[in-house]
2 protein chains.
Amino acid sequence: MINKFVMPEVIFGEESISQLGECCARVGAMNVFIVCDPSILNEEWLDDILKSCLNKGLKYTLFHELTINPKDFEVEKGLLLYKQFECDAVIGIGGGSAIDVAKAIALLSTNHGSIQLYEGIDKIKAPLPPQIMVPTTAGSGSEVSQFSIIIDSTRKKKMTIVSKSLIPDIAIIDPKTLSSKEPQLTAATGLDVLTHAIEAYVSVAATPLTDVQAQSAISLVAEYLRPSVASKLNNKAKSKMAMASLQAGLAFSNAILGAVHAMSHAVGGRFPFSHGEVNAVLLPHVMEFNLIACPEKFATIAKLLGENTSGLTTMQAGLKGIEHVRNLSIDIGAPQRLSEMGSVEEYIPEMSVVALQDACMITNPRDITLKEVEALFRQAL
Amino acid sequence: MINKFVMPEVIFGEESISQLGECCARVGAMNVFIVCDPSILNEEWLDDILKSCLNKGLKYTLFHELTINPKDFEVEKGLLLYKQFECDAVIGIGGGSAIDVAKAIALLSTNHGSIQLYEGIDKIKAPLPPQIMVPTTAGSGSEVSQFSIIIDSTRKKKMTIVSKSLIPDIAIIDPKTLSSKEPQLTAATGLDVLTHAIEAYVSVAATPLTDVQAQSAISLVAEYLRPSVASKLNNKAKSKMAMASLQAGLAFSNAILGAVHAMSHAVGGRFPFSHGEVNAVLLPHVMEFNLIACPEKFATIAKLLGENTSGLTTMQAGLKGIEHVRNLSIDIGAPQRLSEMGSVEEYIPEMSVVALQDACMITNPRDITLKEVEALFRQAL
């Protein structure tokens with residue numbers, strides 16, 4: 001079997017964000033288009049890096065008209081500005097939405113037509129302008145991944161766009177950018193990290209290179225997500241969660257994901273729910289369903305989460321890991337049922353059809369039918 | 001602290017070598033310069049991939065005038081041919097020497113002057129042509145690293161050239177290419193892998209991203225190097241050692257190395273010894289010297305090597321790991337003393353001075369003096 005592993009250049013650690021200007025120069029950018037989460041506009045560090053860009057003679061255009069999930073019309077609006085100001089590179093600063101919109105603008109700046117044309121795997125033909133991403137949540141992993149997830153606002157569907165062209169040139173991960181987040185966001189994004197790591201680890205496309213990243217991410221989440229949610233000032237926990245997010249991103253970008261993400265994309269296309277919270281609700285149900293596909297891997301997950309599995313059968317150990325995921329989610333106050341977020345029941349048949357067609361479903365370790373997807377949604381209601 | 005991690009696109013697994021032609025097309029190459037180990041000229045798979053390149057409309061020039069360690073005049077000779085045939089990309093197929101020569105030719109094809117001008121860190125200015133590397137030993141790790149080691153034949157010195165520009169565009173790792181190697185070469189290159197992994201793991205520049213790779217490589221060597229030396233036909237062991245080599249390469253390319261490599265480069269500049277064998281002899285002595293710098297890490301190395309360390313102090317566990325390295329080297333018939341390879345004693349003062357100035361010494365975890373380097377050489381005599 002032939003496997004591939006691709007990643008951007010990664011710069012990480014305290015103060016790494018100060019290198020943004022230099023990175024822009026290095027990729028040949030003179031006039032950058034910055035897609036930025038509106039929530040970080042008042043951050044002091046944002047001012048600092050924008051000034052450092054100006055000091056290096058760079059011009060920039062700031063675009064921040066984003067909502068909770070990335071929409072096609074937001075991409076179109078950004079693209080117009082990118083062209084109007086004749087920008088030559090794209091920078092994304094924010095959570096997964098800002099980074100995914102930044103990637104989609106880069107895509108359409110050199111590839112014609114609407115974003116819908118690029119849904120699926122390897123549809124991008126022309127090379128993209130340089131892309132530099134700075135995540136401010138831990139997080140989406142989009143800063144290192146070959147994915148961009150954009151909502152088709154007409155079809156009310158999250159489109160999964162997968163291409164090596166979407167792997168940024170440089171990812172800058174500075175734990176400082178994580179310190180201002182509310183506990184609910186820290187919890188949701190942290191459980192998204194765990195979902196990335198677990199789905200990549202049990203993916204049928206997992207390799208030794210993705211496994212080491214996924215395993216490390218699972219251990220880090222088990223140890224540091226609770227304290228990271230507990231206190232904005234726990235810098236060590238924030239820093240470890242930033243590393244977990246990065247490693248989970250490297251794992252899933254190369255091993256792809258599974259049923260949790262396929263189903264979560266279907267929900268996210270229809271409802272304005274938090275992606276991380278939807279994943280968190282679905283994860284233990286999908287783990288139970290997938291358990292028989294690779295019990296050994298689920299037993300390893302239990303150990304990585306810190307469970308003592310000595311004396312247990314492989315299946316018992318696997319179940320203990322799933323129980324751990326449930327308890328972790330409860331400990332940090334994440335929702336436990338989809339119904340806590342809104343009334344989704346009537347859309348289950350429609351969302352199940354969409355989920356079954358999602359690119360992430362291909363690598364789920366257990367074959368799945370439409371009826372089984374519907375049943376999983378109902379369990380999670 | 002700001003850390004960086006960079007790697008090429010990696011394609012690995014059985015039959016991945018069949019993708020060489022497609023990879024050339026993808027990086028825009030039309031007329032490739034192939035630097036190739038003379039030992040593989042009769043391999044059937046080499047014929048196959050050369051034919052596949054021709055079938056894709058590619059032209060190629062094959063250069064194979066290489067000796068056991070890569071020399072400056074071999075680089076010069078290759079460069080002349082590269083220019084004469086107006087090539088536009090460089091491919092290296094072979095062990096570390098072939099790959100390092102390929103990188104150096106790529107370097108000089110766009111950067112003027114002699115290779116000596118680029119010794120040290122970050123001296124390369126102009127961008128390099130596309131580079132694709134296919135390692136046939138497990139191995140040097142050069143296919144993923146930012147290093148090229150070239151012998152200055154006048155000064156009788158191995159020059160360490162370090163630059164991100166030397167990271168190839170694509171590394172293709174196919175375990176099939178390893179099956180024809182003699183046990184002595186498998187042992188030497190395998191112990192080189194172990195040395196890369198251990199030096200990168202205890203390096204002062206180690207990061208969580210390099211640690212996961214180094215740890216995995218150490219475990220794989222402990223489990224699969226012996227059986228890989230034992231039988232040419234043990235495909236599983238060969239495949240695991242190829243992965244170990246790749247992971248150790250990713251670790252040391254980003255965390256750099258230490259005193260073993262600094263000293264080994266000094267020996268290799270003066271004597272035509274096998275790089276892997278010199279490393280193997282020096283490794284346990286340097287580990288003993290470095291032990292007090294990071295006992296916890298050495299204790300972890302013991303565990304990764306499969307030692308039971310329960311009930312031991314950290315220092316005792318560290319020593320057990322060093323003992324394991326010695327026994328592994330004996331088990332696979334590697335030389336235990338430098339004097340088995342030749343008479344080096346009179347050159348110890350000169351080699352110690354050279355070793356102390358090697359770029360790899362900077363990241364050794366324990367400060368080291370000239371006298372201490374000399375003493376380590378004498379212990380290894």
Bottom line for A/Met1: the part with an atom under 4.5 Å from chain B's heavy atoms is backbone

When rounded to the nearest 0.5 Å, the distance separating CD of A/Glu9 from CG of B/Asn254 is 9.5 Å

Discussion item. Is it the case that over 12 heavy atoms from other parts of the model lie below 6.0 angstrom from the NZ atom of B/Lys4?
Written reply: yes

Query - Close side-chain approach of A/Phe12 and B/Thr207, heavy atoms under 4.5 Å - result: yes

One option among B/Asn3, B/Val6, B/Val212, B/Val10 has the most heavy-atom pairs under 4.5 Å with chain A, and it is B/Asn3

Okay, A/Gln215 and chain B: the region with an atom under 4.5 Å from a heavy atom over there is neither

When the 4.5 angstrom heavy-atom criterion is applied to A/Leu246 and chain B, the contacting part is side chain

Applying a strict 4.5 Å limit to non-hydrogen atoms, the region of A/Leu250 in contact with chain B is side chain

field: More than 12 heavy atoms from other groups under 6.0 Å of NZ on B/Lys236
entry: no

In this structure, CG of A/Asp211 is separated from CE of B/Met243 (nearest 0.5 Å) by 9.5 Å

Bottom line for A/Gln247: the part with an atom under 4.5 Å from chain B's heavy atoms is side chain

For A/Glu14 and B/Ile2, the nearest pair of non-hydrogen atoms, with its separation, is O-CG1, 3.6 Å

